[in-house]
> 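Take a look at this one; I'll ask things after.
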Protein chains: 2
Amino acid sequence: MLEELEGEGHRTISSQGLAHQSGVTSAQVRKDLSYFGNFGKRGLGYGVTRLRKEIRLILGLNRRWKVALVGAGNVGSALYSYKEFRRQGFDIVGVFDVSPDRVGQRWRDLTIRHVDDLKEDAERIGMEIGVIAVPARAAQSVADRLVAAGMRGILNFAHRRIQIPTAVALRTVNLSIELESLAFAIKVLHAKPSPDGKRRRAR
Amino acid sequence: MLEELEGEGHRTISSQGLAHQSGVTSAQVRKDLSYFGNFGKRGLGYGVTRLRKEIRLILGLNRRWKVALVGAGNVGSALYSYKEFRRQGFDIVGVFDVSPDRVGQRWRDLTIRHVDDLKEDAERIGMEIGVIAVPARAAQSVADRLVAAGMRGILNFAHRRIQIPTAVALRTVNLSIELESLAFAIKVLHAKPSPDGKRRRAR
């Protein structure tokens, strides 16, 4: 949100403005931010650029991360092409698969490697984050390999829960669940009609 | 989770078992489920198949949904190939783009249509859910077209907040934010080392 505000030329924003755009109360915005530091000035609000930088620092985004992508199918290919990752500091520096059709293929400046090479590549290049974009049945074995290769965090797109040591961070993206929760929201909206025609900020 | 349990041959599961696997308390599991009905038997737990069916009914998944996909680039292509959507009841019955290179292409049993045809196609075929997989700058105009075409829900993959009427349900998937929250989790884990080597259930 702050990046968008900055791009639109805004210099400052009030806690009310942040609250309005993010769907929480202004008291919550002030409380949450004050937990990390004293970023705002009474009556002036927050400097957009400074707050953006502070939040990137808080999130650990004041650096670049080397990412290993496992799975060079449709999901993997889309993730590799997703420019926003690089813009936010995440560089996919290795792509791995098991299919003989895929291993050895060139993807821009990378050659797809066999998963058997993951550990050696990861250690040599210093990969820290692994992305799982393989079919569900292969998800746990890929997770085990990523852990063995020293990853500090894993982003799992496979439709299967995986188990990893507590010392490795994990985020799961389940695209089906997004559609399912959308279906539920439609059902709820249908049950309790809300006034139409009003525009709102997006969640 | 219930689908996995069913696939593994489990007939029943206790609230403790559900709690353990989903990372909440068993009291919360019982409380949440009792809000919708009386699904469990004291001392016997929940029937896995029955609870799965009941939850699909609660979520509005006891039917199929016709989905319009706007954006036939890398993200759109990956979503179209994602078999799990169809398995969960979501059928992509129309793909739309503006690029002359893409409009008219065959994708399996569909021909990519121009976004100008969205409204007519959506009304004729009865599309209810729109998926936005276009660059950020085009996201709002696509959202406006989807609303005008009568969509009841929108799933937004564009890296831009969109505004739609409150009567239309909205879910946003921001893949960058998943990686950012992973980076933060790694930072937090690093700050407070946790005992290594233990396995946990995934979130």
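The sequence lines fix the lettering, A, B, ..., with proteins before strands; numbering per chain opens at 1.
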> Kindly write out the residues that satisfy side-chain contact (heavy atoms from CB on, under 4.5 Å) with A/Leu33, not counting sequence neighbours, or none if the list is empty.
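Partners of A/Leu33 under the side-chain contact (heavy atoms from CB on, under 4.5 Å) test: A/Leu18, A/Val29, A/Phe39, A/Tyr46, A/Leu51, A/Ile55.
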> Side chain from CB out, backbone as N, CA, C, O: work out which of these in B/Phe85 comes under 4.5 Å of a heavy atom of chain A, or both, or neither.
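For B/Phe85, heavy atoms of backbone and side chain both lie under 4.5 Å from chain A.
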> Please indicate whether A/Glu120 has more than 12 foreign heavy atoms, meaning atoms of other residues, nucleotides or ligands, lying under 6.0 Å from its CD.
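No.
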> Calculate, to the nearest 0.5 Å, the distance between atoms CD1 and CG belonging to B/Ile177 and A/Leu59 respectively.
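So the gap between those two atoms works out to 9.5 Å.
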> Between B/Ala136, B/Gly89, B/Ser181, B/Ser77, which shows the greatest number of heavy-atom pairs under 4.5 Å with chain A?
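That would be B/Ser181.
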> Do other residues, nucleotides or ligands put more than 12 heavy atoms under 6.0 Å from the CZ atom of B/Arg137?
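No, the 6.0 Å shell around CZ holds no more than 12 heavy atoms from other groups.
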> Just how far is it from atom CD1 of A/Ile129 to atom CG of B/Leu182, taken to the nearest 0.5 Å?
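Between atom CD1 of A/Ile129 and atom CG of B/Leu182 there are 4.5 Å.
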> Between B/Leu179, B/Val67, B/Ile154, B/Leu155, which has the largest tally of heavy atom pairs under 4.5 Å with chain A?
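Of the options given, most contacts go to B/Leu179.
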> Would you call A/Tyr82 and B/Ser176 a side-chain contact if the rule is heavy atoms closer than 4.5 Å?
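Yes. Closest side-chain heavy atoms under 4.5 Å.
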> Is there a side-chain contact between B/Ile186 and A/Trp65 (heavy atoms, below 4.5 Å)?
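The answer is yes, as the side chains (C-beta and beyond) meet within the 4.5 Å cut-off.
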> A/Asp32: which residues meet the salt bridge (Lys or Arg N to Asp or Glu O under 4.0 Å) condition with it, sequence neighbours left out?
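A/Asp32: no salt bridge (Lys or Arg N to Asp or Glu O under 4.0 Å) contacts found.
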> Examine whether an atom of A/Arg63 lies under 4.5 Å from a heavy atom of chain B, and if so say whether it belongs to the side chain, the backbone or both; otherwise answer neither.
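Neither part; nothing is under 4.5 Å.
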> Say whether, by atom type as modelled, one donor and one acceptor occur between the side chain of A/Lys187 and the main chain of B/Ile58 under 3.5 angstrom.
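Yes: the side chain of A/Lys187 pairs with the backbone of B/Ile58.
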> Nearest 0.5 Å, please: how far is CD in A/Glu4 from CZ in B/Arg161?
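With rounding to 0.5 Å, CZ (B/Arg161) is 4.5 Å from CD (A/Glu4).
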> B/Ala183 and A/Gly60: which non-hydrogen atoms are nearest, and at how many Å?
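In terms of heavy atoms, the two residues are closest at CB-O, 4.4 Å.
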> Between A/Tyr80 and chain B, with a heavy-atom cut-off of 4.5 Å, which part of the residue counts as in contact: side chain, backbone, both or neither?
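Looking at A/Tyr80, nothing touches chain B.
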> What do you reckon, is CZ of B/Arg11 surrounded by more than 12 foreign heavy atoms closer than 6.0 Å?
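For B/Arg11, atom CZ is not crowded (no more than 12 foreign heavy atoms under 6.0 Å).
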> Side chain, backbone, both or neither: which part of A/Leu61 has a heavy atom under 4.5 Å from chain B?
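For A/Leu61, the side chain is the part near chain B, not the backbone.
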> Any chance you could measure A/Asn156, atom CG, to B/Glu178, atom CD, to the nearest 0.5 Å?
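With rounding to 0.5 Å, CG (A/Asn156) is 11.0 Å from CD (B/Glu178).
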> When only pairs under 4.5 Å are counted, which of B/Met1, B/Glu3, B/Glu128, B/Glu180 shares the most heavy-atom pairs with chain A?
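Maximum pair count with chain A is reached by B/Glu180.
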> Find the one option among B/Gly76, B/Ala143, B/Gly73, B/Ser81 whose heavy-atom pairs under 4.5 Å with chain A are most numerous.
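Highest number of pairs under 4.5 Å: B/Ser81.
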> Using a 4.5 Å cut-off on heavy atoms from C-beta on, say whether the side chain of A/Phe90 contacts that of B/Leu175.
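Counting from C-beta outward, B/Leu175 and A/Phe90 never come under 4.5 Å.
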> Heavy-atom cut-off 4.5 Å, strictly under: side chain, backbone, both or neither for A/Val75 against chain B?
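Both parts, backbone and side chain.
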> Using a 4.5 angstrom heavy-atom cutoff, name the option from A/Arg56, A/Arg87, A/Arg152 with the most pairs to chain B.
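It is A/Arg152.
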